[in-house]
Amino acid sequence: MPRIEDYGLIGDLQTAALVGRDGSIDWACFPRFDSGACFAALLGDADNGRWLVAPRTDAWETARRYRPRTLILETEWETDTGAVRLIDFMPPRGRAPDIVRIVEGLRGEVEMNSELVIRFDYGKTIPWVQRLDDGRIAIAGPDGLCFRTPVEHRGENLRTIGEFTVREGDRVPFTLTWYPSNEDPPDRINAEHALSETVDYWDDWADRCAYKGTWQEEVHHSLVVLKALTYAPTGGIVAAPTTSLPEKLGGERNWDYRFCWLRDATLTLLAFINAGYLDEARAWRKWLLRAAAGDASDLQIMYGVAGERRLSEQTLDWLPGYERSQPVRIGNAASEQFQLDVYGEVLDALHQARVSELELSKEAWALQRRLLTYLQDAWKEPDEGIWEVRGPRRHFTHSKVMAWVAFDRGVQAVERFGRSGPADAWRKTRAEIHREVCEQGFDVELNSFTQSYGSKRLDASLLMIPLVGFLPADDPRMIGTVAAIERELVRDGLVYRYTHDDEVSGVDGLPPGEGAFLPCTFWLVDNLARQGRVDEAKALFQRLLDLRSDLGLLAEEWDPKTRRQLGNFPQAFTHVALVNTAFNLDRQVEASPMEQRTPEEEPAGY
């Protein structure tokens, strides 16, 4: 089984596919990110669906890269007889999703294989396959796939097999297009024309990037990943295009991330705004407003790409899981949890939209007032917290801090932007939350804030306290908290979310064990820079950049023992943290290191 980071991402702004170093597409869902997979070898083996195009003879990969400024993946192989390049991409969506593959002869001649194994419904359903003049159609239930290529193929053991030879200068196209099975097969597409249009699309998008800082290539590539994880019809952004890639190899912390988390709202909005992508920021904000509409007490932590609320979780028993990591899950039961911090995330995101002068919306302010009215009492309740624990609800410190953020942004809306609202009441609640957090969320013996009230456990989410303006980074309590986290939660220079000891199962309801959480390590970089430890911050940031795959991609976690990425891949939360930390470091280096700002003066990068 390839390592998680051995895969490359291609996508069309509505769904995505993962391509291995060996030329095998092992994961693809049609027609949306959260649709059933027709290639699910990622969570099983070739019999669960894949599409391999690779040299038939002994070969070795010599290069793998994205064409500059694009999401067009190029893989090159050398053999004893020649060299060949495989170009993989998905054209930005027209009427139907396409995967296009072009095999280009570079030198000599290379014998190639094509093996197409279609298994709808996450590797379970074998389709009915019918020959076309220049390919095949495969149908099962609502799904149809149309496969076209000039290469002759044959059916063999429920697979579609082809062999061909590529010589220098040859360009051999393959296209695979999804369509509703009740409709006629789609029209043939021209692979070379599609390639040209896809290059133009990504070049035009890259030209809009406003970031001119120290890490231009790294930031731009992470922005491309975020754009690729955007569901263009609605503006929603999925956390990842995959499900059930494990946080521990062989473990059960395997979740479906093909949904849109409200928690990502502020950081994603800031990344797009700071980079000059205001259209994307507006689309994400509009998605957020539509998803959050309704009764404030019914606000969910996540929604489907079109704002769907019912994300029922189930297991797929027929899939063995990535490296035997079971269960394989689709849907996400955490969507039904009460997580107090998302109210702060929503209010902060809409606050940042006001700061950045996105268009006014009466509906947006009406929603915020409803949320604050509900939160007036709800902030006092225990919740499942940022890490979506499946143990008992607790009074998580981070959750209370984010409730403070909600009221703080409400007050600022009145004071700075002239909105109408009960600012006196909100100021009173804001002060009450602040006082309670400092009294009950801080442990004097540890000289640190703690995971929850009365607990002795540390939690990396506490690194958000200065980033949202609750306390300045050089406050003695935050200096103590950062020192405690560095002492207890940092291994091999990377931050773990919390201590994985015997007690952890009582907190999150699951057996211990996971990798270092990469977004939290970016938060540590932000804290170090704000405390004047800029050289340390830059060194840690470079360490994080070095963990990226050769294609510049990052999952959610890193295992220092096996030196492998873990979790769903690529992870939007990680890439958005990378982008925002790069902005933050650039600003911190420009400013006096210990300069602290009030929330009203805070730059949009935080």
Side-chain angles (χ1 to χ4, degrees), residues 7-19 28-29 31-34 65-73 88-94 97-99 194-195 197-211 215-242 257-261 264-288 305-306 349 356 358 548-549 551-555 568-580 582-583:
Y7 286 99
L9 174 75
I10 57 175
D12 67 354
L13 312 185
Q14 294 191 41
T15 191
L18 295 186
V19 187
C29 301
R32 306 193 331 178
F33 290 106
D34 55 352
R65 61 183 174 269
Y66 283 111
R67 188 170 292 194
R69 310 199 323 161
T70 77
L71 203 67
I72 299 168
L73 180 62
D88 286 314
F89 63 98
M90 297 180 69
R93 181 78 60 90
D98 308 289
I99 296 177
L195 176 60
E197 287 190 333
T198 304
V199 170
D200 290 344
Y201 174 85
W202 286 109
D203 275 344
D204 290 344
W205 195 79
D207 286 341
R208 293 167 46 206
C209 185
Y211 177 72
W215 297 277
Q216 290 187 35
E217 181 178 346
E218 295 87 347
V219 165
H220 179 261
H221 189 64
S222 285
L223 288 167
V224 168
V225 173
L226 293 176
K227 180 65 172 176
L229 298 180
T230 301
Y231 185 67
T234 67
I237 301 173
V238 297
T242 58
Y257 273 18
R258 297 171 300 155
F259 307 114
C260 306
W261 265 254
D264 299 0
T266 300
L267 296 177
T268 304
L269 195 75
L270 289 174
F272 280 138
I273 288 173
N274 287 334
Y277 289 112
L278 298 186
D279 288 343
E280 285 75 9
R282 291 187 187 98
W284 175 233
R285 174 177 172 271
K286 289 178 180 178
W287 177 91
L288 176 64
V305 293
S356 302
L358 297 185
R548 298 179 306 152
S549 73
L551 294 175
L553 301 178
L554 284 166
N568 285 301
F569 178 84
Q571 173 67 232
F573 203 31
T574 308
H575 282 278
V576 77
L578 186 159
V579 172
N580 286 324
F583 275 102

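Values in this document were obtained by computation on a predicted structure and should not be read as measured data.
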Would you check if Arg258 and Cys29 make a side-chain contact, meaning some heavy-atom pair closer than 4.5 Å? yes
Working to the nearest 0.5 Å, report the span between CD1 of Ile237 and OG1 of Thr234. 9.5 Å
Search all heavy atoms of Leu73 against all heavy atoms of Gly8 and return the closest pair with its distance. CD2-CA, 4.3 Å
Using modelled atom types only, decide if a donor and an acceptor are shared between the side chain of Thr70 and the backbone of Arg67 within a distance under 3.5 Å. yes
Does any N or O in the side chain of Thr242 come within less than 3.5 Å of the main-chain N or O of Asn568, such that one atom is a donor and the other an acceptor? no
Would Arg208 and Tyr277 count as a cation-pi pair here, with the cationic atom under 6.0 angstrom from the ring centre and within 45° of the axis? no
Least distance between heavy atoms, Ala281 atom then Leu269 atom: O-CD1, 3.3 Å
Mark yes or no for whether His221, through its side chain, and Gln216, through its backbone, hold a donor-acceptor pair below 3.5 Å. no
Just wondering, do Val576 and Asp264 contact through their side chains at under 4.5 Å, heavy atoms? no
Trace of the side-chain contact (heavy atoms from CB on, under 4.5 Å) decision for Leu71 with Tyr66: CA-CA 6 Å; Leu71 203 67; Tyr66 283 111; 3.9 Å; yes
Any non-hydrogen side-chain atom of Trp215 less than 4.5 Å from a side-chain atom of Leu578? no
Closest approach of Ala16 and Pro241, non-hydrogen atoms and distance? CB-CB, 3.9 Å
Would you say the rings of Tyr257 and Trp261 are close, in the sense that their centroids are separated by under 6.0 Å? yes
Minimum side-chain heavy-atom gap Glu197-Pro91 below 4.5 Å: no
Write down the atom of Asn274, the atom of Ala210, and the distance for their closest heavy-atom approach. O-CB, 4.5 Å
Check: Thr230 side chain, Ala232 main-chain N or O, donor-acceptor pair, under 3.5 Å: no
At what distance, to the nearest 0.5 angstrom, does CD1 of Ile273 lie from CZ of Arg285? 9.5 Å
Hey, does the side chain of Trp287 reach the backbone of Cys260 with a donor-acceptor pair shorter than 3.5 angstrom? no
Is the shortest side-chain heavy-atom distance between Lys227 and Leu13 below 4.5 Å? yes
Determine whether Tyr7 and Phe569 satisfy the following criterion, ring pair (Phe, Tyr, Trp, His ring centres under 6.0 Å), listing intermediate values before the conclusion. CA-CA 9 Å; Tyr7 286 99; Phe569 178 84; 7.5 Å; no
Side-chain polar contacts of residues 200-207 - donor-acceptor pairs under 3.5 angstrom, sequence neighbours left out - could you list them?
from	atom 1	to	atom 2	distance (Å)
Trp205	NE1	Glu280	OE2	2.9
Asp207	OD1	Arg69	NH1	3.1
Asp207	OD1	Arg69	NH2	2.8

Does Arg548 use its side chain to pair, donor to acceptor, with the backbone of Leu553 at less than 3.5 Å? no
Find the distance between CD1 (Ile10) and CZ (Phe89) and round it off to the nearest 0.5 Å. 9.0 Å
Below 4.5 Å, heavy atoms only, C-beta onward: do Val579 and His575 meet side chain to side chain? no
Decide yes or no on side-chain contact (heavy atoms from CB on, under 4.5 Å) for Met90 and Thr198, but give the supporting numbers first. CA-CA 8 Å; Met90 297 180 69; Thr198 304; over 6 Å; no
Tell me, with the steps shown, if Phe272 and Leu278 meet side-chain contact (heavy atoms from CB on, under 4.5 Å). CA-CA 6 Å; Phe272 280 138; Leu278 298 186; over 6 Å; no
Which residue pairs satisfy the salt bridge (Lys or Arg N to Asp or Glu O under 4.0 Å) criterion with at least one member in residues 568-578, sequence neighbours excluded? none
Residue pair Asp88, Ile72: steps toward the side-chain contact (heavy atoms from CB on, under 4.5 Å) verdict: CA-CA 6 Å; Asp88 286 314; Ile72 299 168; over 6 Å; no
Is a donor on one side and an acceptor on the other found under 3.5 Å between the side chain of Ser356 and the backbone of Leu358? no
Should Pro92 and Asp12 count as side-chain neighbours, where that means a heavy-atom distance under 4.5 Å? no
Which heavy atom of Ala239 sits nearest to which heavy atom of Gln571, and what is that distance? O-OE1, 3.2 Å
Of all heavy-atom pairs between Ala275 and Phe583, which one has the smallest distance, and what is that distance? N-CZ, 3.8 Å
Heavy atoms, side chains only, cut-off 4.5 Å: are Leu223 and Cys209 in contact? yes
